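These notes are about the structure you will find just below.
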Amino acid sequence: MTPASPPFTSPYSLRVKICGTTSLHDALLSAGAGADAVGLIFASISRRRVAAEVAREISLAVGPAVGRVGVFMDQGLDEVLRTAEASRLSAVQIHGEVSSLYLSTLACYYPVLRVLRPAELAGQSTSPGGDQTPTIQPRGLADHTLMLDAPNPGSGQPLDWESLRASFPAGAWLAGGLGPENVARAIQVLRPGGVDAVSGLENSPGVKNPGRVRDFVREARKAALLAFPESYPQ
Ligand SMILES: O=C(O)c1ccccc1N[C@@H]1O[C@H](COP(=O)(O)O)[C@@H](O)[C@H]1O
């Protein structure tokens with residue numbers, strides 16, 4: 001089941017998120033490059049995990065126009081809300097299996113980016129027992145925005161964009177192996193509401209490559225303008 005399209009149609013507008021930010025220096029670099037948001041990862045498995053104190057410093061430093069998206073995986077609602085408050089986040093990104101109630105409760109406090117793998121988008125994903133009962137039913141966009149990402153997030157693994165053409169939900173964001181070299185093609189194929197990247201923009205895990213960050217934002221903006229000029233009246 002593919003979530004319904006948003007109830008409104010608006011000109012195509014692209015959001016650019018630079019994820020895996022672990023220092024004030026890199027946060028200001030991304031903000032200065034024109035990113036709409038920086039990602040701050042709190043998932044325990046991540047090599048890019050940031051402390052709430054550093055996240056709060058970043059949140060207060062990047063200015064009022066830059067979003068701060070906290071990335072969480074397999075973490076309870078209480079931990080997410082406490083961390084989000086302490087870090088002065090502006091939105092949360094949720095990976096892993098969670099209930100609809102978890103998402104709708106969270107959406108009462110913060111805008112939610114709900115990450116799905118392509119298999120889950122179809123409403124079919126193999127539960128631990130191996131049977132094909134749906135474990136995650138994508139809901140409408142009423143209380144969250146979908147983002148498609150690879151099964152192993154943060155690994156630089158691109159999705160097969162062509163195979164997703166028919167099922168990619170309107171307004172959904174796209175992650176997975178994006179970088180300056182391929183983001184334009186991804187935008188042309190899927191017209192995502194946002195693009196998000198980390199591995200392709202780093203010198204090492206958690207340390208940004210300034211030139212690649214700037215190139216990524218520039219290529220994404222250029223692609224959005226060239227592919228959908230009707231959305232950017234002169
Ligand atoms: O990057 C991580 O370490 C990470 C860990 C746990 C959950 C999400 C994580 N990162 C997210 O993965 C996408 C795609 O990463 P990549 O560009 O393919 O390397 C990234 O944008 C984060 O949102």
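Worth knowing before you read on, the calculation uses all heavy atoms, side chains too, and leaves out hydrogens, waters and symmetry mates. Bear in mind that the values here come from a model prediction, so they are computed numbers and not experimental data. Both ligands and their constituent atoms are indexed starting at 1 by order of listing.
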Practice task
Ignoring hydrogens and angles, tell me if any N or O in the side chain of T21 forms a donor-acceptor pair with the backbone of V38 under 3.5 Å.
Solution key: no
Practice task
Only counting residues at least two apart or in another chain, list the ones meeting side-chain contact (heavy atoms from CB on, under 4.5 Å) with N182.
Solution key: W161, L178
Practice task
Taking the side chain as every heavy atom from C-beta outward, state whether V62 and R68 have any atom pair closer than 4.5 Å.
Solution key: yes
Handout entry: D215/R212 salt bridge by N-O under 4.0 Å criterion
Key = no
Problem - R191 side chain near F168 side chain, heavy-atom distance below 4.5 Å - result: no
Every pair of nitrogen or oxygen atoms between ligand 1 and the protein that is under 3.5 angstrom apart - can you list them with their distances to 0.1 Å?
residue	atom	partner	partner atom	Å
ligand 1	1 (O)	R48	NH1	2.8
ligand 1	3 (O)	S46	OG	2.7
ligand 1	3 (O)	R48	NH1	3.1
ligand 1	12 (O)	D149	OD2	3.2
ligand 1	12 (O)	G154	N	3.0
ligand 1	15 (O)	G154	N	3.2
ligand 1	17 (O)	V198	N	2.9
ligand 1	18 (O)	G156	N	3.2
ligand 1	18 (O)	G177	N	2.7
ligand 1	19 (O)	G156	N	3.1
ligand 1	19 (O)	S199	N	3.1
ligand 1	19 (O)	S199	OG	2.4
ligand 1	21 (O)	D196	OD1	3.0
ligand 1	21 (O)	D196	OD2	2.9
ligand 1	23 (O)	Q93	NE2	2.8
ligand 1	23 (O)	D196	OD2	2.9

Handout entry: Side-chain touch P151/E120, heavy atoms, less than 4.5 angstrom
Key = no
